[in-house]
Amino acid sequence: MGLKSGSTFLGDFLRQCGGYAVIDGGLGTELERHGADLNDPLWSAKCLVSSSHLIRRATLQGFEAKGISREEGEALLKRSVEIACEARNIYNDRASKGSWDDFDDGTGLKRNPVLVAASVGSYGAYLADGSEYSGIYGDAITVKTLKDFHRRRVQVLANSGADLIAFETTPNKIEAQAYAELLEEEAVSIPAWFSFSSKDGTNVASGDSIAECASIVDSCNQVVGIGINCTSPRYIEGLIQSIRKVTSKPILVYPNSGETYDGEKKEWVASRGVAEEDFVSYVDKWCDAGASLIGGCCRTTPNTIRAISKVLSLRSHRV
């Protein structure tokens with residue numbers, strides 16, 4: 001696929017989908033529901049090694065730390081994309097044959113095209129110390145350090161057969177800068193989207209301004225969408241509004257369930273204070289604020305995604 005401009009690639013895709021598209025839900029959550037033990041530095045990427053039939057955030061350095069060679073690690077990265085493409089092929093095959101017992105949720109979205117995104121998690125995710133949720137890497141970590149860390153993984157994933165690269169849960173501006181420079185230096189031939197995480201609705205996790213981070217990646221030609229993931233639903237509307245002020249590219253959001261992650265204990269805990277509204281009740285507000293691709297991240301389930309699909313289907317029919 002030749003690289004299209006940011007407005008063309010996702011713009012064409014969204015038009016085929018009726019103006020809105022669904023992003024899938026929390027993979028790690030679903031793997032655990034199927035019996036996977038993800039209490040491991042590799043997190044859900046562990047399943048590429050132990051349970052590939054069940055499968056996210058994999059780094060070549062993480063695989064090497066587990067005694068897996070660089071060559072084997074690169075093969076596992078490619079395999080993660082192959083698994084997703086195989087699932088899409090099954091989906092498309094059943095759609096063409098009219099066999100929807102496993103897939104049809106009654107929303108009408110089953111006719112829409114499906115894109116496969118290759119996920120790139122943050123440097124903090126590799127550290128497995130919870131720093132992906134703080135974005136505090138220390139003064140020793142520079143843009144060059146991060147580019148060197150991510151470079152080979154981005155090269156491998158760019159040639160894996162994915163439709164785009166998703167730089168997810170980006171917690172600070174320095175990593176966003178590193179990703180953007182890598183895309184240009186490596187002349188990556190497939191589009192990319194960036195999603196940031198936030199704890200306050202104004203800044204990304206490290207405290208850097210969400211508007212400043214979005215501006216950095218907006219200037220990169222390979223970037224086709226900008227948004228937020230793994231963030232409490234109550235913060236999303238304000239973050240969309242801030243991003244919309246600095247970009248005309250499609251905005252994507254896939255929040256978590258509203259729970260928070262304890263990086264030291266390696267567990268999710270219920271949010272304190274006022275109880276969250278039902279997750280799906282926010283979807284219309286997010287669309288009104290300017291988001292056009294919506295899904296769920298950690299602790300959301302297939303039921304969450306089905307409910308989002310129904311809301312977006314209704315909106316699409318009103319367009």
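All figures in this text were calculated on a predicted structure; none of them were measured in a lab. Atom set for the values below is all heavy atoms of this structure, side chains included, hydrogens, waters and symmetry mates excluded.
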Handout entry: Exam field: side chain K249 to backbone V223, donor-acceptor pair closer than 3.5 Å
Key = yes
Practice task
Any pair with a residue in residues 201-210 that passes salt bridge (charged side-chain N to carboxylate O under 4.0 Å, His left out), sequence neighbours left out, goes on the list, sorted by first then second residue, please.
Solution key: none
Exercise for the section: Spell out, as yes or no, whether a donor-acceptor pair under 3.5 Å connects the side chain of T142 to the backbone of T145. Expected result: yes
Handout entry: Distance, nearest 0.5 Å, that separates CG of L293 from CG of L252
Key = 6.0 Å
Handout entry: Parallel, tilted or perpendicular, as decided by the 30° and 60° cut-offs, for the rings of Y282 and W286
Key = parallel
Problem - Residue of the set S119, S197, S195 for which side chain to side chain donor-acceptor pair (under 3.5 Å) holds with E168 - result: S119
Handout entry: Backbone N/O of T169 and side chain of N229: donor-acceptor pair under 3.5 Å
Key = yes
Handout entry: Ion pair check, R79 and E72, cut-off under 4.0 Å
Key = no
Exercise for the section: Would you give the length of the straight line joining atom CZ of F194 to atom OG1 of T247, rounded to the nearest 0.5 angstrom? Expected result: 12.0 Å
Exercise for the section: Please confirm whether the backbone N or O of G124 pairs with a side-chain atom of Y137, one donor and one acceptor, at under 3.5 Å? Expected result: yes
Practice task
Please check if any side-chain donor atom of Q155 sits under 3.5 Å from a side-chain acceptor atom of R152, or the reverse.
Solution key: yes
Problem - Short side-chain to backbone donor-acceptor contact, K245 and A211, under 3.5 Å - result: no
Practice task
Could you tell me whether D288 and K285 have a side-chain N and a carboxylate O separated by less than 4.0 Å?
Solution key: no
Problem - OH on Y179 to CG on L146, rounded to 0.5 Å - result: 8.0 Å
Completion exercise
dist I236:CD1 -> I251:CD1 (nearest 0.5 Å) comes out at 11.0 Å
Practice task
Provide the closest heavy-atom pair for S257 versus P233 in the form atom of the first, atom of the second, distance.
Solution key: C-CD, 4.0 Å
Fill in the blank from the handout: Heavy-atom closest pair (L239 atom, T202 atom, distance to 0.1 Å) is CD2-N, 3.8 Å
